[in-house]
**Student:** 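My structure is below; once you've seen it, I'll send some questions.
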Protein chains: 2
Amino acid sequence: MMHISAAAKTAELPVKTVRYYADIGLVSAPERSEAGYRTYDESAVRKLVFVRRAREFGFSIDECRELLSLYEDQNRSSADVKRIATKRLEEIAEKQRELQSLHDELAHLVDACKGDERPDCPIIDGLGWVVASE
Amino acid sequence: MMHISAAAKTAELPVKTVRYYADIGLVSAPERSEAGYRTYDESAVRKLVFVRRAREFGFSIDECRELLSLYEDQNRSSADVKRIATKRLEEIAEKQRELQSLHDELAHLVDACKGDERPDCPIIDGLGWVVASE
DNA sequence: GTTGACTCTCCAGTTACTGGAAAGATTACG
DNA sequence: CGTAATCTTTCCAGTAACTGGAGAGTCAAC
């Protein structure tokens with residue numbers, strides 16, 4: 001049994017965030033000590049770790065909610081979990097493609113820029129190209 | 001001279017966003033018609049396009065502010081612009097690396113998951129690995 | 001003349017927290 | 001035992017960059 005700062009430290013989350021997760025009902029509200037302090041047991045901390053990891057994987061809070069209910073459900077099929085994770089994987093791949101074209105386009109502009117004292121600047125011109133090409 | 005919906009359409013931005021950009025002072029407040037309608041000329045629309053492009057490149061509103069002032073300044077050196085763009089480029093590259101390791105880690109879990117009716121699930125286990133490995 | 005499209009302002013909600021104030025509880029030191 | 005530092009509580013507000021909606025005024029067309 002520990003108080004919030006120990007739980008937060010163990011789960012590697014800010015104290016504020018731990019409180020927040022209970023406030024929005026992502027994790028269940030913890031028991032309170034006589035003085036009203038939140039108390040956490042090993043199982044509660046485990047769930048916090050689970051959520052932190054899932055968030056690091058880019059799952060939204062709502063996806064975490066879904067994953068957590070699967071995590072807590074002894075009878076869920078691994079197919080349900082795989083479905084969510086695969087969807088997320090596709091989103092990551094899409095984001096990677098976007099980022100790549102962004103990178104290439106901007107790198108091209110930066111390469112073309114002399115970076116000297118003169119005002120000619122392919123980057124500025126490039127950002128306005130839609131109009132410039134009219 | 002046009003009203004807001006034509007300007008928004010030309011700049012390929014939502015009407016709400018065009019108003020918003022003026023509200024926060026990112027672009028200067030447009031002239032008003034007698035009835036109080038915002039009116040946009042070619043130069044105003046060009047700046048909206050510039051901002052949209054810069055946002056698409058992932059520049060924050062504050063960076064857009066900076067770029068826009070450089071855009072409007074005939075005397076700025078291209079070095080100033082290159083500095084901002086290069087910084088952004090590094091951020092993109094960093095984000096790409098993060099996304100890649102995320103992708104690899106999650107893909108590994110998804111591959112390991114049978115996705116059947118049984119509750120054994122390497123994805124769920126993997127999300128909790130920090131505790132599981134204790 | 002009235003229907004429909006367009007515009008205005010203002011307020012609230014979104015996501016996932018984060019910061020700070022004010023007040024009570026606990027612990028550590030001398 | 002007193003007190004100072006630390007921890008915890010609640011509540012309110014703010015962040016980024018919009019987005020949605022209400023209620024009201026304006027304009028063009030049939």
Side-chain angles (χ1 to χ4, degrees), chain A residues 1-27 29-41 44-45 47-68 88 91-92 95 98 102, chain B residues 1-27 29-41 44-45 47-68 88 91-92 95 98 102:
Chain A
M1 281 307 197
M2 43 182 147
H3 286 164
I4 197 166
S5 63
K9 196 169 187 180
T10 309
E12 293 173 70
L13 281 171
V15 169
K16 281 263 184 187
T17 303
V18 174
R19 265 193 218 105
Y20 174 73
Y21 285 164
D23 284 351
I24 62 171
L26 176 57
V27 299
E31 301 287 308
R32 300 296 182 109
S33 73
E34 264 181 59
Y37 286 15
R38 292 168 179 83
T39 58
Y40 295 83
D41 59 12
V45 172
K47 282 173 196 171
L48 287 174
V49 170
F50 180 87
V51 170
R52 173 178 55 76
R53 289 280 300 165
R55 292 285 301 125
E56 282 168 7
F57 272 92
F59 292 99
S60 71
I61 293 287
D62 273 350
E63 283 170 330
C64 286
R65 231 180 265 275
E66 203 174 351
L67 284 169
L68 206 49
R88 182 92 263 276
E91 287 164 10
I92 291 173
K95 190 79 193 166
E98 280 173 25
L102 210 65
Chain B
M1 281 307 195
M2 44 181 146
H3 286 163
I4 197 167
S5 65
K9 195 168 187 180
T10 310
E12 293 171 71
L13 281 171
V15 169
K16 280 264 183 188
T17 303
V18 174
R19 266 193 218 105
Y20 174 74
Y21 285 165
D23 285 350
I24 63 171
L26 176 57
V27 300
E31 302 286 308
R32 298 296 182 111
S33 72
E34 265 182 58
Y37 286 15
R38 292 170 180 81
T39 58
Y40 294 83
D41 59 13
V45 172
K47 281 172 197 171
L48 288 173
V49 170
F50 180 88
V51 170
R52 173 178 56 77
R53 287 282 298 167
R55 292 286 300 125
E56 282 169 6
F57 272 90
F59 291 99
S60 71
I61 293 287
D62 274 350
E63 284 169 329
C64 285
R65 233 180 265 275
E66 202 174 351
L67 284 169
L68 205 50
R88 184 91 263 278
E91 287 164 8
I92 291 173
K95 190 78 192 165
E98 280 173 26
L102 211 63

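From a predicted model like this one, the values you see are computed outputs, not experimental measurements. Basis for what follows: all heavy atoms, side chains included, without hydrogens, waters or symmetry-related copies.
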**Student:** Separation of B/Met2 atom CE from C/dC6 atom P, in whole Å?
**Tutor:**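 After rounding, the reported distance stands at 16 Å.
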**Student:** Mind calculating the distance between NZ (B/Lys9) and C1' (C/dA5) to the nearest angstrom?
**Tutor:**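 In whole Å, C/dA5 C1' lies 13 Å from B/Lys9 NZ.
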**Student:** Quick one, A/Val18 and A/Tyr40 - any side-chain contact, counting heavy atoms below 4.5 Å?
**Tutor:**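 They are in contact (side-chain heavy atoms under 4.5 Å apart), so the answer is yes.
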**Student:** Can you name the ring pair (Phe, Tyr, Trp, His ring centres under 6.0 Å) partners of A/Tyr37, sequence neighbours left out?
**Tutor:**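 Here the qualifying residues are A/His3.
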**Student:** Just verifying a value: how many Å separate B/Leu26 CG and B/Thr17 OG1, rounded to the nearest 0.5 Å?
**Tutor:**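 Between atom CG of B/Leu26 and atom OG1 of B/Thr17 there are 11.0 Å.
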**Student:** Identify, between A/Ala35 and B/Ser5, the residue whose nearest nucleotide on DNA chain C lies closer to the 5' end.
**Tutor:**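 So the residue in question is B/Ser5.
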**Student:** By salt bridge (Lys or Arg N to Asp or Glu O under 4.0 Å), which residues pair with B/Glu31, not counting sequence neighbours?
**Tutor:**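 Counting only residues at least two positions away or on another chain, B/Glu31 forms no salt bridge (Lys or Arg N to Asp or Glu O under 4.0 Å).
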**Student:** Once you apply a heavy-atom cut-off of 4.0 Å, does A/Ser60 come out as touching a base, just sugar-phosphate, or nothing?
**Tutor:**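 Sugar-phosphate, no base atom in range.
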**Student:** What's the CZ-C1' distance between A/Arg32 and D/dT8, to the nearest Å?
**Tutor:**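 Rounding to the nearest Å, CZ of A/Arg32 and C1' of D/dT8 are 10 Å apart.
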**Student:** Can you list the steps and then say if A/Val15 with A/Lys9 is a side chain to side chain contact (heavy atoms under 4.5 Å, CB included)?
**Tutor:** CA-CA 8 Å; A/Val15 169; A/Lys9 196 169 187 180; over 6 Å; no
**Student:** So what does B/Ile4 hit on the nucleic acid, given a heavy-atom distance under 4.0 Å: a base, only sugar-phosphate, or nothing?
**Tutor:**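 Answer is sugar-phosphate: B/Ile4 comes under 4.0 Å of backbone atoms only.
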**Student:** Mind calculating the distance between CZ (B/Arg52) and C1' (D/dA17) to the nearest angstrom?
**Tutor:**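 Checked: the CZ to C1' distance equals 17 Å.
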**Student:** Of all residues at least two apart in sequence or in a different chain, which pass the ring pair (Phe, Tyr, Trp, His ring centres under 6.0 Å) check with A/Tyr20?
**Tutor:**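 Applying ring pair (Phe, Tyr, Trp, His ring centres under 6.0 Å) to A/Tyr20 gives none.
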**Student:** In whole Å, what is the span from the CG atom of A/Asp23 to the C1' atom of D/dC11?
**Tutor:**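 Nearest whole value for this atom pair: 11 Å.
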**Student:** In the structure I gave you, are the side-chain heavy atoms of B/Glu12 and B/Leu48 within less than 4.5 Å of one another anywhere?
**Tutor:**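 Of all side-chain heavy-atom pairs linking B/Leu48 with B/Glu12, none is under 4.5 Å.
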**Student:** Please encode protein proximity along nucleotides 17-24 of chain C as a string of B, S and -, counting only heavy-atom distances under 4.0 Å.
**Tutor:** BSBB---B
**Student:** Test side chain to side chain contact (heavy atoms under 4.5 Å, CB included) on A/Val51 and A/Phe59 and set out the steps.
**Tutor:** CA-CA 9 Å; A/Val51 170; A/Phe59 292 99; over 6 Å; no
**Student:** Would you kindly give the CD-to-C1' distance between B/Glu63 and D/dA17, to the nearest whole Å?
**Tutor:**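 B/Glu63 atom CD is separated from D/dA17 atom C1' by 14 Å.
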**Student:** Could you tell me the separation between the NE2 atom of A/His3 and the C1' atom of D/dT9, rounded to a whole number of Å?
**Tutor:**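 Taking atom C1' of D/dT9 as the reference, NE2 of A/His3 is at 12 Å.
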**Student:** Grab the CZ-C1' distance between A/Arg65 and C/dT15 for me, whole Å please.
**Tutor:**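 Atom-to-atom, A/Arg65 to C/dT15, this comes out as 12 Å.
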**Student:** Describe, as an angle rounded to 10 degrees, how the axis at the first end of the helix from C/dG1-D/dC30 to C/dG30-D/dC1 is tilted relative to the axis at the last end, five pairs per end.
**Tutor:**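 End axes: 10° apart.
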**Student:** Once you apply a heavy-atom cut-off of 4.0 Å, does B/Arg38 come out as touching a base, just sugar-phosphate, or nothing?
**Tutor:**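 B/Arg38: backbone/sugar contact only, no base atoms under 4.0 Å.
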**Student:** Identify, with sequence neighbours excluded, every residue that meets salt bridge (Lys or Arg N to Asp or Glu O under 4.0 Å) alongside A/Asp62.
**Tutor:**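 Only A/Arg65 meet the salt bridge (Lys or Arg N to Asp or Glu O under 4.0 Å) criterion with A/Asp62.
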